[in-house]
Amino acid sequence: MLDNKKILLCVTGGIAVYKAVALVSKLAQAGADVRVIMTDSAMEFVTPLSFQAMSRNDVYTNTFDEKDSRVIAHIDLADWADLVIVAPATANVIGKLANGIADDMVTTTLLATTAEVWIAPAMNVHMYENKAVVRNIARLHEDGYRFIEPSEGFLACGYVGKGRLEEPEKIVALVQDRFQQQPSLPLAGKKVVVTAGPTRERIDPVRYVSNFSTGKMGYAMAEAAAALGADTVLISGPVGLAKPAGIRVVDVESAAEMFEAVKSEYEDAYMVIKSAAVADYRPKDIHPQKMKKQSGDSIIELERTVDILKTLGEMKADQLLVGFAAETQHAVDYGKGKLKSKNLDYIIVNDVTDPEAGFGKDTNVVTLLSRKGLNRPFQAMPKKELATVLLKTIMREESDTIHDR
Ligand code: CTP
């Protein structure tokens, strides 16, 4: 299944090096062409001969030991690889990589490659939880490296905890998944439901309660999702925007109608993005005839509409829920509250009083918050561009850590 796939394994020094030998064996059995680089510390545990025998390739250990005078080995290997795996990855190599240090064959190659790099840490649990290591891992996540989280169990040092190199079989399965699926677009084959625009809550046949939402941000989100390959459904309140091509649009008017439409699309949705500005209240009674003016003031009694997003949060299986929060003050704090109270995975908060944000504008200024603690402000940009950046950031967050689901 891995025929013609070129995998470069960087082995650094920890007791789990013996598992890396098994990993090379299994990758080679699956058809991959595997090349191995070892650090000096790795060679304290296992000699290069084991890796050479398993990979049927020369093993690289020294930046200056150029085996082929026609090429520079670390650049050649860096360019050759389809995928680079660092396993086991010590706290030391993680620290070096996070800081751009290149002082041996492994780290020079890692800095030189443009291939995807997966890092499989293995170390003592206290080292793994050490603040510097946590910081370095977070930095590498931000830089686009992907991690194969260590598993929990008995560690060679005698501790029980998180720090065991993931089992070679599981790493091979992840590699196979990676090459099998390799979707050209991050949302290919996934259903994304987007709600947009205001809702209108009728008072009588000629009047309604609504808000200033124009649907621009929601339409931009739907178009961005479709461009990223999603099977997109746009549930739209009344807006004056043209229907985007290639997107199924469901028109609704009231919060109750929007709720029904979203519910019927929810079960097989991968992600629901609730950009709509749903009315929180509606007239308690809809007058069947036009209300005639009376002398003096008039009172319209309002009742709460259903909180669609909160209800979706309660019904949630494995859908990703993305909310919006329009605020006029304390935007991030209120956003955090809504993220939690509505059981969301992400919330996009904006202060609608910002001159470059808000209803009807073509630009927006937002902060993306996640359940896992992401707090990323974005500078002002056109809503269409922002929508793509937000979706790509979310997809990146979702794929950053490879979980064995
Ligand atoms: N939302 C919803 N149903 C409602 C009200 C809001 O699904 N009846 C969703 C919106 O689509 C948005 C998120 O909840 O994604 C937050 O909406 P917002 O108007 O900012 O907040 P509210 O929950 O209405 O809270 P408040 O009005 O108190 O700020």
Side-chain angles (χ1 to χ4, degrees), residues 192-202 208-222 224-225 232-239 241 250-266 269 271-284 302-316 319-354 357-361 364-371 374 383 386-387 390-391 394:
V192 173
V193 179
V194 182
T195 70
T199 65
R200 281 183 188 166
E201 311 301 329
R202 286 177 186 234
Y208 56 82
V209 177
S210 190
N211 56 63
F212 289 116
S213 170
T214 57
K216 279 185 181 167
M217 192 67 214
Y219 273 54
M221 292 303 286
T232 310
V233 184
L234 173 60
I235 298 173
S236 176
V239 295
L241 301 173
V250 180
D251 288 313
V252 295
E253 186 180 279
S254 63
E257 281 175 25
M258 184 172 278
F259 182 45
E260 287 309 314
V262 178
K263 249 194 329 188
S264 68
E265 301 287 350
Y266 192 43
M271 186 190 292
V272 177
I273 304 172
K274 284 240 60 234
S275 331
V278 185
D280 289 326
Y281 293 93
R282 66 180 175 196
K284 206 163 181 179
L302 299 174
E303 65 180 9
R304 286 289 303 270
T305 57
V306 61
D307 188 326
I308 305 174
L309 196 51
K310 191 163 198 278
T311 314
L312 296 180
E314 286 157 6
M315 294 162 57
K316 192 164 160 0
Q319 298 90 343
L320 284 177
L321 273 188
V322 183
F324 272 77
E327 306 293 351
T328 54
Q329 56 177 349
H330 314 303
V332 169
D333 283 344
Y334 283 148
K336 281 183 184 164
K338 288 177 189 175
L339 182 76
K340 203 154 181 239
S341 67
K342 301 194 189 203
N343 192 23
L344 309 181
D345 299 283
Y346 296 90
I347 194 158
I348 297 157
V349 288
N350 59 341
D351 180 343
V352 288
T353 61
D354 188 300
F359 297 125
K361 295 267 166 52
N364 207 354
V365 193
V366 303
T367 300
L368 176 66
L369 307 175
S370 83
R371 173 197 291 274
L374 178 78
K383 285 181 174 170
L386 179 63
L390 285 167
L391 279 176
I394 290 174

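Residue numbers run from 1 in the order of the sequence given. The structure displayed is predicted, hence computed values, not measured ones. Atoms within a ligand are numbered from 1 in the order they appear, just like the ligands themselves.
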Rounded to the nearest 0.5 Å, the CZ atom of Phe324 sits from the OG1 atom of Thr195 at a distance of 9.0 Å

Ligand-residue contact atoms, ligand 1 with [X], heavy atoms, under 4.0 Å:
{"X": "Thr305", "result": "8 (N)"}
{"X": "Ala326", "result": "20 (O)"}
{"X": "Val306", "result": "3 (N), 4 (C), 8 (N)"}

Geometry only, no angles: is [X] polar-contacting ligand 1 at N/O separations under 3.5 Å?
{"X": "Thr195", "result": "no"}
{"X": "Leu309", "result": "yes"}
{"X": "Glu327", "result": "no"}
{"X": "Gly323", "result": "no"}

Scanning both residues in full, the closest heavy-atom pair of Ala255 with Glu201 reads N-OE2, 2.9 Å

All heavy atoms of Lys216 vs all of Gly360, minimum pair found to be NZ-O, 2.8 Å

Top protein contact for [atom], by heavy-atom distance:
{"atom": "atom 15 (O) of ligand 1", "answer": "Lys274 O, 2.6 Å"}
{"atom": "atom 14 (O) of ligand 1", "answer": "Lys342 NZ, 2.9 Å"}
{"atom": "atom 16 (C) of ligand 1", "answer": "Phe324 O, 2.8 Å"}
{"atom": "atom 5 (C) of ligand 1", "answer": "Asp280 OD1, 3.1 Å"}
{"atom": "atom 3 (N) of ligand 1", "answer": "Ile308 N, 3.0 Å"}
{"atom": "atom 21 (O) of ligand 1", "answer": "Lys338 NZ, 2.8 Å"}

**Item:** Exercise check, heavy-atom protein proximity under 4.0 Å to atom 19 (O) of ligand 1
**Value:** no

Quiz item: Considering all protein heavy atoms, does one lie under 4.0 Å from atom 28 (O) of ligand 1?
Solution: no

Using a 4.5 Å cut-off on heavy atoms from C-beta on, say whether the side chain of [Y] contacts that of [X].
{"X": "Pro283", "Y": "Leu302", "value": "yes"}
{"X": "Arg371", "Y": "Tyr346", "value": "no"}
{"X": "Leu312", "Y": "Tyr266", "value": "yes"}
{"X": "Ile348", "Y": "Met217", "value": "no"}

Is Tyr208 atom OH crowded by more than 12 heavy atoms from other residues, nucleotides or ligands, each under 6.0 Å away?
no

Mark yes when over 12 heavy atoms from residues, nucleotides or ligands other than Lys310 sit less than 6.0 Å from its NZ; otherwise mark no.
no

**OP:** Determine yes or no for a side-chain-to-main-chain donor-acceptor pair under 3.5 angstrom, with Asn350 supplying the side chain and Val365 the backbone.
**Re:** no

Can you tell me if Lys310 contacts ligand 1 (heavy atom of the residue under 4.0 Å from the ligand)? no

Going by atom types alone, do Tyr219 and Ser236 pair a side-chain donor with an acceptor below 3.5 Å?
yes

Looking only at non-hydrogen atoms, the one of Ala255, Ala276, Ser341, Ala196 nearest atom 11 (O) of ligand 1 is Ala276

